[in-house]
Amino acid sequence: MISSFFSKTKPINYIVLSVFVFLFYCFFVFYGSGYQIDIDAIPLQILTVGVLLFSVYMINKIVRIEKVTDFSSYTPLFFVLLLVGFSDVLLHERAIFCNFFLLLAVWRLLAVKSMKNVKHKIFDASFLICIASLFYDWALIFLILVFAVINVYDRKTVKNWMVPIIAILTVFMLSSAVLALDGNLSFFWEHYSFSIDFLMTGFFGKASTIKLLSYTFLILVVIVLVFVRLQQKGGGKQLVLQIVSLVFVLAILVSLFKSNNATPVIFSFFPAAVFLTNYLETIKKMRLREVIIIICMVLPLLLFLLELNK
């Protein structure tokens, strides 16, 4: 049974998902997408798939340590299935690298709830978000998440509100030094353009936009259902999940702003996987849970096949 296999957190779960991600990445990038193999690009491809595999492992650690779900492997499973459904993201290394740093930032922010070393965690998260923005300019919008966490957990400490500014200045100075050595200080003006693609004519008529909006609607419905059930059941996960839901909203905003390049949708995969897992865990009937997992597997596969036949 698929549901019973991924209901545990054994190493074999990660191994199975890792092997699948590796094989799927190799198949899609070098065959399915018509990508021309370049010997010089192979090291970058190896690094990219390595970051993807580590992201899957890191997601498993986040949900276990921060207790945003029960102890299962459903979250990394859903993350991988979303990669299959939105396979285009695999062609864009910048999105994968950016998502990696955003995952690290979210992890540090979720850890603030322990109220230990709050300033260090806020600095780390802000620093990582700024690093992520070097790949996608709109990643800076996730700084909103930092201030939201400060407001929730430790708003009375004035120094906490200054820490993100220090982190921003730190990344600016470090990157400026590197760019100055490379003679490319114009990078900041060219990169941080903050264009808004959904204002363009014909935005809502594109197939990629319809796909993104359908996915967004589905996950928002799941989020509402999860919060409704949590209110009925009670428990201490509501605050943490509210933070995760804000991650999803910000990720979708970035995806809409960069709609001509649909790869930022990968930023939403972790929060979406968390809420899909929480919803699945509320289903006690194993047969129904099994059916839902099979549907969640078949749907991304169909989307992938449709993508291949374009």
Side-chain angles (χ1 to χ4, degrees), residues 1-32 45-87 89-90 93 95-97 99-104 106-108 110-111 219 222 226 237 240-241 244 247 266-305:
M1 299 287 283
I2 300 173
S3 61
S4 59
F5 178 78
F6 285 102
S7 64
K8 303 175 180 64
T9 56
K10 294 181 178 180
I12 187 64
N13 302 114
Y14 173 70
I15 293 171
V16 169
L17 290 175
S18 297
V19 171
F20 176 80
V21 169
F22 177 78
L23 294 176
F24 180 76
Y25 178 86
C26 293
F27 170 79
F28 181 72
V29 171
F30 296 112
Y31 174 74
Q45 302 297 337
I46 294 173
L47 178 62
T48 302
V49 72
V51 168
L52 267 178
L53 294 176
F54 191 71
S55 296
V56 175
Y57 171 77
M58 187 164 55
I59 287 170
N60 192 44
K61 295 289 287 184
I62 294 172
V63 296
R64 288 179 60 189
I65 294 174
E66 305 306 329
K67 296 180 175 61
V68 293
T69 68
D70 293 338
F71 291 102
S72 69
S73 298
Y74 292 135
T75 305
L77 170 65
F78 283 125
F79 179 84
V80 171
L81 291 176
L82 287 169
L83 284 176
V84 175
F86 291 87
S87 53
V89 302
L90 299 177
E93 296 85 3
I96 294 171
F97 295 148
N99 183 65
F100 173 74
F101 287 107
L102 289 177
L103 276 176
L104 288 172
V106 170
W107 192 357
R108 294 301 283 167
L110 291 176
I219 299 302
V222 172
V226 168
K237 286 201 300 186
V240 173
L241 288 179
V244 177
V247 177
I266 192 176
F267 305 160
S268 69
F269 288 178
F270 168 68
V274 166
F275 278 101
L276 287 169
T277 301
N278 274 278
Y279 177 73
L280 190 67
E281 289 171 346
T282 63
I283 300 173
K284 302 305 179 185
K285 295 180 179 179
M286 294 306 295
R287 288 186 179 179
L288 179 57
R289 184 181 292 191
E290 187 79 15
V291 170
I292 291 175
I293 291 178
I294 292 173
I295 293 173
C296 290
M297 287 182 168
V298 171
L299 186 58
L301 183 60
L302 290 176
L303 291 173
F304 172 65
L305 293 175

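Just so it is clear, the structure is predicted and the values come from calculations on it, not from any experiment. Heads up: numbering here begins at 1 and tracks the sequence.
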Going by the rule side chain to side chain contact (heavy atoms under 4.5 Å, CB included), which residues pair with [X] if we only count those two or more places apart in sequence or in a different chain?
{"X": "Ala273", "answer": "Thr75, Phe78, Phe79"}
{"X": "Val291", "answer": "Ile295"}
{"X": "Ser268", "answer": "Tyr215, Phe248, Ala251, Ile252, Val265"}

field: Sequence-distant partners of Arg289, salt bridge (charged side-chain N to carboxylate O under 4.0 Å, His left out), two or more places apart
entry: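 With sequence neighbours excluded, Arg289 shows a salt bridge (charged side-chain N to carboxylate O under 4.0 Å, His left out) to no residue whatsoever.
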
Any non-hydrogen side-chain atom of [X] less than 4.5 Å from a side-chain atom of [Y]?
{"X": "Glu93", "Y": "Gln45", "value": "yes"}
{"X": "Ile292", "Y": "Leu288", "value": "yes"}
{"X": "Val106", "Y": "Glu66", "value": "no"}
{"X": "Leu17", "Y": "Phe6", "value": "yes"}
{"X": "Phe269", "Y": "Ile59", "value": "no"}
{"X": "Ile62", "Y": "Val274", "value": "no"}
{"X": "Ile96", "Y": "Val89", "value": "no"}
{"X": "Leu276", "Y": "Tyr74", "value": "no"}

What are the two closest heavy atoms between [X] and [Y], and how far apart are they?
{"X": "Lys237", "Y": "Asp70", "result": "NZ-OD1, 4.1 Å"}
{"X": "Ser18", "Y": "Leu53", "result": "O-CD2, 3.3 Å"}
{"X": "Phe275", "Y": "Val226", "result": "O-CG2, 3.6 Å"}
{"X": "Ser73", "Y": "Asn60", "result": "OG-OD1, 4.4 Å"}
{"X": "Val68", "Y": "Leu241", "result": "O-CD2, 3.8 Å"}
{"X": "Pro300", "Y": "Gly85", "result": "CB-N, 3.7 Å"}

query: Parallel, tilted or perpendicular for Tyr14 and Tyr57, by the 30°/60° rule?
result: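 Perpendicular, since the angle between the ring planes exceeds 60°.
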
- request: Using a cut-off of 6.0 Å, state whether more than 12 heavy atoms not belonging to Phe5 lie near its atom CZ.
  value: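 Yes, because the 6.0 Å sphere around CZ of Phe5 holds more than 12 heavy atoms from other groups.
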
message: Which residues pass the side chain to side chain donor-acceptor pair (under 3.5 Å) test with Asn99, not counting sequence neighbours?
response: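 Here no residue qualifies.
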
query: With sequence neighbours left out, what residues match Ser72 under side chain to side chain donor-acceptor pair (under 3.5 Å)?
result: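 Here the qualifying residues are Glu281.
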
Between [atom1] of [X] and [atom2] of [Y], what distance do you get to the nearest 0.5 Å?
{"X": "Tyr25", "Y": "Thr48", "atom1": "OH", "atom2": "OG1", "value": "4.5 Å"}
{"X": "Ser55", "Y": "Leu83", "atom1": "OG", "atom2": "CG", "value": "9.0 Å"}
{"X": "Leu303", "Y": "Phe86", "atom1": "CG", "atom2": "CZ", "value": "7.0 Å"}

Backbone of Lys10 reached by a side-chain donor or acceptor of Asn13 within 3.5 Å: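 Yes, because the side chain of Asn13 sits within donor-acceptor range (under 3.5 Å) of the backbone of Lys10.
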
